[in-house]
Number of protein chains: 2
Amino acid sequence: MRLVVARCAVDYTGRLTAHLPLAPRLLIVKADGSVLVHSDGGSYKPLNWMSPPCTLRTITRSDADADADTDADTDADADTAGSVEDHGAAPDEESVAAASVEDPEAPEDDPWIEQWDVTHAKTGDRLRVRIHEVISDLSADLGVDPGLQKDGVEAHLQALLAENIETLGEGWSLVRREYATAIGPVDILAKDPEGGTVAIEIKRRGEIDGVEQLTRYLELLNRDPLLSPVRGIFAAQLIKPQAKVLAGDRGIDCVTLDYDALRGIDDAESRLF
Amino acid sequence: MRLVVARCAVDYTGRLTAHLPLAPRLLIVKADGSVLVHSDGGSYKPLNWMSPPCTLRTITRSDADADADTDADTDADADTAGSVEDHGAAPDEESVAAASVEDPEAPEDDPWIEQWDVTHAKTGDRLRVRIHEVISDLSADLGVDPGLQKDGVEAHLQALLAENIETLGEGWSLVRREYATAIGPVDILAKDPEGGTVAIEIKRRGEIDGVEQLTRYLELLNRDPLLSPVRGIFAAQLIKPQAKVLAGDRGIDCVTLDYDALRGIDDAESRLF
DNA sequence: CGGTATATGTCGCTC
DNA sequence: GAGCGACGTATACCG
């Protein structure tokens, strides 16, 4: 990992076109070749970035119009270096993007001293960083990270409700979790006390698209004469008003789940064994 | 902005619980108090983070069991410092999370030397970083970033198509952009050559949820006897096959937009004036 | 402040 | 690789 604090200007061309005016920023070059441009604020998202796999080519000002100093900073295919020539003869759209500004940020007395060209071979995305002043430059080898261990997301809610299906009322039973359909798995398929089949869609936060999802499942399930009629329940820790309205309009019941209570039940049950 | 490369272990408690085992990582503390934990790979997303507004409290090992060295690293309300005491006497769930691991990563010969407690006052999210070894530590003042200038997002597509509605064919006219309905704004409302009303949903990439969105709008618009019948057009730079099928099934036409061509038309037009 | 739609979304899974 | 759903989604816009 290389950390460069520098006054720089950045241009990105890919799914969109974006430009960052000259200012001090943090540049991160990771071991996999990815590049992040961070400001001193905002959120965890960089102002600009390039995802791996990508290649970084560095040009210093003195070399600018001569042969470029090729710096293979990744372990990607070395033979793709030939694409550097293609890059020089790339289609006109890129030169338009670069020329349209007429380089207003490089007056005689403040030229860029180093340029990074980061390219994503697959998507064609390109990131260009022009460094005018290096404030600090540091490298460190961190090795491979052991990774993040997570706990407590929707899957957990689903497991808890499946294990405690009687939370919905006396006489309810579980048919199965992740009931497969052609358009995706239904979170829970259950039977109500009258023996009717019920499809349950679970969300942490119940919003309109969750109702749409359940609607699609119900439409499909109700085409199966062996299952039909199937009604739906939309279960979430919090259900937005609009989602409630849409669900009601489509005859779907809403249930608010209490994660802590479910976990409590579960803990109490497991303590019995 | 402070950049610390350190061997550390991280725990997060908030909407979920997450743990990072002891390993070398980059820690970024931004001017607004936000903290990012990056590995040397992956993507632009940190392994763990805390969004602003949040407060950072630093404890060094020698102080660990005595009074904590309070380091107000943000410009947030100073009087919330009183919550530090609440933190010490916080509800049991947090101590459970911390104690459940029994501190397996701190053997006698490798103790943590510094601990960061980052808390988000509003949401109650907490991030704890235990530093076992500082590899490097650097601070820099970057100032406020002038910000990113974007071009080519959906808003531009919408504006371009609205201004060049005749792209859809001879005799088309614009009714209005962002036509408001109870469930959200329709991107473009237009009239076809026969005078029929058409709702147009625009996406950069046309996928199934965009068709769902347009379907909701059409359902609502067609309840209005003054507007009905309203048909739909799904317009995007690229339309996925599944979205095309679903749109066709619902009588919605698909149009593929050429952003560069639209921009070209627009440039040509503006050059006339 | 809540509701909705967008994102260079990214990530991870299944097929 | 495409399709699809979840995400500590974050973020902007609008009432």
Side-chain angles (χ1 to χ4, degrees), chain A residues 11-18 34 36-37 42-52 54 120 122-127 147-148 150-158 178 180-187 201-205 207-210 212-214 216-217 238 240-246, chain B residues 12-18 34 37 42-52 54 120 122-127 148 150-158 178 180-187 201-205 207-210 212-214 216-217 238 240-243 245-246:
Chain A
D11 285 279
Y12 165 77
T13 312
R15 297 187 229 179
L16 56 67
T17 305
S34 56
L36 284 64
V37 181
S43 66
Y44 69 72
K45 196 176 175 180
L47 292 166
N48 238 320
W49 71 93
M50 187 68 83
S51 304
C54 59
H120 194 290
K122 192 121 193 168
T123 63
D125 288 20
R126 289 178 43 230
L127 187 72
L148 186 67
K150 285 189 186 180
D151 173 39
V153 277
E154 189 205 295
H156 203 182
L157 263 182
Q158 191 195 107
E178 301 281 347
T181 76
I183 54 169
V186 178
D187 285 343
E201 176 63 35
I202 297 172
K203 290 271 182 268
R204 222 169 27 77
R205 288 187 310 182
E207 296 177 32
I208 214 160
D209 56 341
E212 296 283 17
Q213 195 182 339
L214 179 53
R216 287 199 299 273
Y217 291 145
L238 177 86
K240 296 285 181 78
Q242 300 265 3
K244 234 172 230 178
V245 170
L246 186 63
Chain B
Y12 165 76
T13 312
R15 297 188 226 181
L16 59 68
T17 304
S34 56
V37 181
S43 66
Y44 72 69
K45 201 176 174 181
L47 291 166
N48 239 322
W49 70 93
M50 188 67 85
S51 305
C54 59
H120 194 290
K122 192 122 194 169
T123 63
D125 288 19
R126 290 179 42 231
L127 187 73
L148 187 66
K150 287 187 184 184
D151 176 38
V153 285
E154 192 205 288
H156 293 234
L157 268 180
Q158 191 197 105
E178 299 282 345
T181 75
I183 54 169
V186 178
D187 286 342
E201 176 64 36
I202 298 172
K203 290 274 183 265
R204 247 178 350 90
R205 288 189 313 177
E207 296 176 30
I208 211 162
D209 56 342
E212 296 284 16
Q213 193 182 339
L214 179 53
R216 286 198 303 272
Y217 292 147
L238 178 86
K240 295 281 181 79
Q242 300 261 2
V245 170
L246 185 64

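Just so we're on the same page: letters track the sequence lines, and every chain starts at 1.
Contacts of B:Tyr12 with the nucleic acid, taken as non-hydrogen atoms under 4.0 Å apart, include base atoms. B:Ile183 comes within 4.0 angstrom of sugar-phosphate atoms only, judged by non-hydrogen atoms across all strands, and of no base. B:Glu178 comes within contact range of no nucleotide atom at all, as no heavy-atom separation falls under 4.0 Å. In this structure, B:Glu207 reaches neither bases nor backbone, as no heavy-atom distance under 4.0 Å exists between it and the strands shown.
OP1 or OP2 of D:dA6 has at least one side-chain nitrogen or oxygen of A:Gln213 nearer than 4.0 Å. In this model, the phosphate group of D:dA10 is approached by a side-chain N or O of B:Arg15 to a distance below 4.0 Å at OP1 or OP2. Contact annotation: B:Lys45 side-chain N/O to C:dC11 OP1/OP2 distance is not under 4.0 Å. One finds no side-chain N or O of B:Arg205 lying less than 4.0 angstrom from the OP1 or OP2 phosphate oxygen of D:dA2. Between B:Lys240 and D:dA2 there is no side-chain polar atom (N or O) within less than 4.0 angstrom of OP1 or OP2. For B:Lys203 and C:dA7, the shortest distance from a side-chain N or O to OP1 or OP2 is not below 4.0 Å. Taking only side-chain nitrogens and oxygens, B:Tyr217 comes nearer than 4.0 Å to OP1 or OP2 of C:dA5. Taking only side-chain nitrogens and oxygens, A:Ser43 comes nearer than 4.0 Å to OP1 or OP2 of D:dT11.
Distance noted for atom C1' between D:dA6 and D:dA10: 14 Å (whole Å).
Heavy atoms only, all atoms of each residue included: B:Gly42 and A:Pro52 are closest at O-CG, 3.4 Å. Closest approach of B:Leu127 to B:Met50, counting heavy atoms only: N-CE, 3.3 Å.
Where B:Gly14 and B:Ala180 meet DNA chain D, the nucleotide closest to each residue was compared, and B:Gly14 sits on the side nearer the 5' end. Remark on DNA chain D: of its neighbouring residues A:Lys122 and B:Asn48, the 5'-side contact belongs to A:Lys122, judged by nearest-heavy-atom nucleotide. DNA chain C is contacted by both A:Leu47 and A:Ala243; A:Ala243 maps to the nucleotide lying nearer its 5′ end (nearest heavy atom per residue).
You'll find that the side chain of B:Glu154 is closest to C:dT6, out of C:dA5, C:dT8, C:dT6.
Counting only distance, with no hydrogens or angles, the side chain of A:Tyr44 and the backbone of B:Leu47 share no donor-acceptor pair below 3.5 Å.
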